[in-house]
2 protein chains.
Amino acid sequence: MSLSHAVLTSLLEKPSSGYDLARRFDKSIGYFWHATHQQIYRELARMEAAGWVASITAPDAGNTRKRSYRVLPAGRDELGRWALEPSAPMDLRDEVTVRLRADAALGPLGLESELLRRITQHQDKLQTYRNIEARDFPAGKPLGRNARIQHMILKKGMLFEQGSIDWTQEMLTVLAQA
Amino acid sequence: MSLSHAVLTSLLEKPSSGYDLARRFDKSIGYFWHATHQQIYRELARMEAAGWVASITAPDAGNTRKRSYRVLPAGRDELGRWALEPSAPMDLRDEVTVRLRADAALGPLGLESELLRRITQHQDKLQTYRNIEARDFPAGKPLGRNARIQHMILKKGMLFEQGSIDWTQEMLTVLAQA
DNA sequence: TGCTCCATGTAACACGTTACATGATTGC
DNA sequence: GCAATCATGTAACGTGTTACATGGAGCA
């Protein structure tokens, strides 16, 4: 698996506490790799035991338990090693396709409202990505290699959302025909 | 989760043995919902205990243990109930985006060959889908409601593969620029 | 005889989700 | 004082993966 490597990458970009990582996984990187805070704490504990990361009491901890994690050389090595492994293609397991197959097998169930709801969700997410794009990758500003890579990852999300909207709309017309 | 409901749907389309289901999940439906044979046997056992499906010794079992499963009314009801539940949006967790982020954080790692490999995989899958489309949904032939839904699901896969090819090619040009 | 495929299963483990617990800090 | 948020964690369970086991059938 690669949750640990996603966390390593995120930590490399910015040393953080588990809580901050969890919130970042709910925002930027997490749009592409969801994880709950329990998963993240578990991975951090494992990686610290493995010597991939180290933690100190966070500078802004005050009287709290807040800890700050950073990547150790062994973690960098592991991440570089892993990044070059061949990776499995993404699988597209979307519950809605199963529901549509069930609709086809059982007869019309009235999935239209669900599809409309999905379109709204995709539009919201697309707008979120567009806002991030406008903020982080403004048109006309020259970007470095890292920024261009990050921008492409964001674009992937935008393409996916737009494609989902278009496909769902076509699906609605199919359901509308008798 | 919904593996059980995916299996129910598949069984509804055609009563089958666990082995046959596993092979179908490796072909048609499985392009959109992967499952190993162990998962399927586990689900079948659970659903039989729950009264959603029933099994008999398969007609073509011979001296083997082969069993044939079919959906019971309780299973149909459950599937119809589930299909109208609101569903979570699909998450796009692609390992390659994590690897690219790692590349951005660590410096150029040489992911080009991996990306080229992915393009080939996406092209192969696209061709597979096109073959299925030519066989099951030939142009000019009028299709019923069910066939149109199945066709749309297949199209979703084709759109995804084509989008992945295009995006990966653009990503390669980004990596090629210094 | 030995090989491959058919067909089902057990066991162990890794990953993901949900519920709950604990205590400090911040803002009204 | 009270609620919300910050911050970390335990426990239980469900899902997904990997390795291995078992035995029949078909074929050279």
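In this text the structure is predicted, and so the values were computed from the model without any measurement. So you know, we letter chains A, B, ... as the sequences are listed, proteins then strands, and number each from 1.
Contacts classified as ring-ring contact (aromatic ring centres under 6.0 Å, His included) and involving residues 133-162 of chain B (residues at least two apart or in different chains) are given here: Phe137(B)-His151(B).
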Return the polar atom pairs (N/O with N/O) between nucleotides 20-28 of chain D and the protein under 3.5 Å, or none.
none

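In this view, Asp136(B) satisfies the salt bridge (Lys or Arg N to Asp or Glu O under 4.0 Å) rule with no residue, not counting sequence neighbours. Partners of Ser10(B) by side-chain hydrogen bond (donor to acceptor under 3.5 Å, both in side chains), not counting sequence neighbours, listed by chain and number: Arg24(B). Shown here are the side-chain hydrogen bond (donor to acceptor under 3.5 Å, both in side chains) partners of His34(A), two or more places apart in sequence or in another chain: there are none. Under the side-chain hydrogen bond (donor to acceptor under 3.5 Å, both in side chains) criterion, Ser55(B) pairs with Glu48(B), Arg67(B), not counting sequence neighbours. With sequence neighbours excluded, no residue satisfies side-chain hydrogen bond (donor to acceptor under 3.5 Å, both in side chains) with Glu112(B). Applying the salt bridge (Lys or Arg N to Asp or Glu O under 4.0 Å) rule to Lys66(B) yields the partners Asp20(B), Asp60(B); only residues at least two apart in sequence or on another chain are considered. Annotation: salt bridge (Lys or Arg N to Asp or Glu O under 4.0 Å) contacts of Lys155(B) (sequence neighbours excluded): Glu170(A).
A close approach under 4.0 Å does occur between a side-chain nitrogen or oxygen of Gln39(A) and OP1 or OP2 of dT17(C).
For DNA chain C, the residues of residues 10-19 of chain B within the heavy-atom distance limit of 4.0 Å (strictly under) are Ser17(B), Gly18(B), Tyr19(B), sorted by number. Within residues 40-48 of chain B, the residues approaching DNA chain D are Arg42(B), Arg46(B), by heavy-atom distance under 4.0 Å.
Aromatic pair Tyr19(B)/Phe25(B): centroids not less than 6.0 angstrom apart.
The nearest whole Å value for the distance from the NE2 atom in His34(B) to the P atom in dT18(D) is 8 Å. Atom CZ of Phe25(B) and atom C1' of dT17(D) are 16 Å apart (whole Å). Here dC15(C) presents its C1' atom at 13 Å from CZ of Arg93(A), a figure rounded to the nearest Å. Between Tyr69(A) atom OH and dA7(D) atom P the separation is 13 Å, expressed in whole Å. The distance from atom CG of Asp91(B) to atom P of dC15(C) is 16 Å, rounded to the nearest whole Å.
In the hydrophobic clustering (ILVMFWY side chains linked at under 4.5 Å, chained through shared members), Ile56(A) stands by itself.
Here Arg130(A) does not pair with Glu133(A) in a salt bridge; the nearest charged N to carboxylate O distance is not below 4.0 Å.
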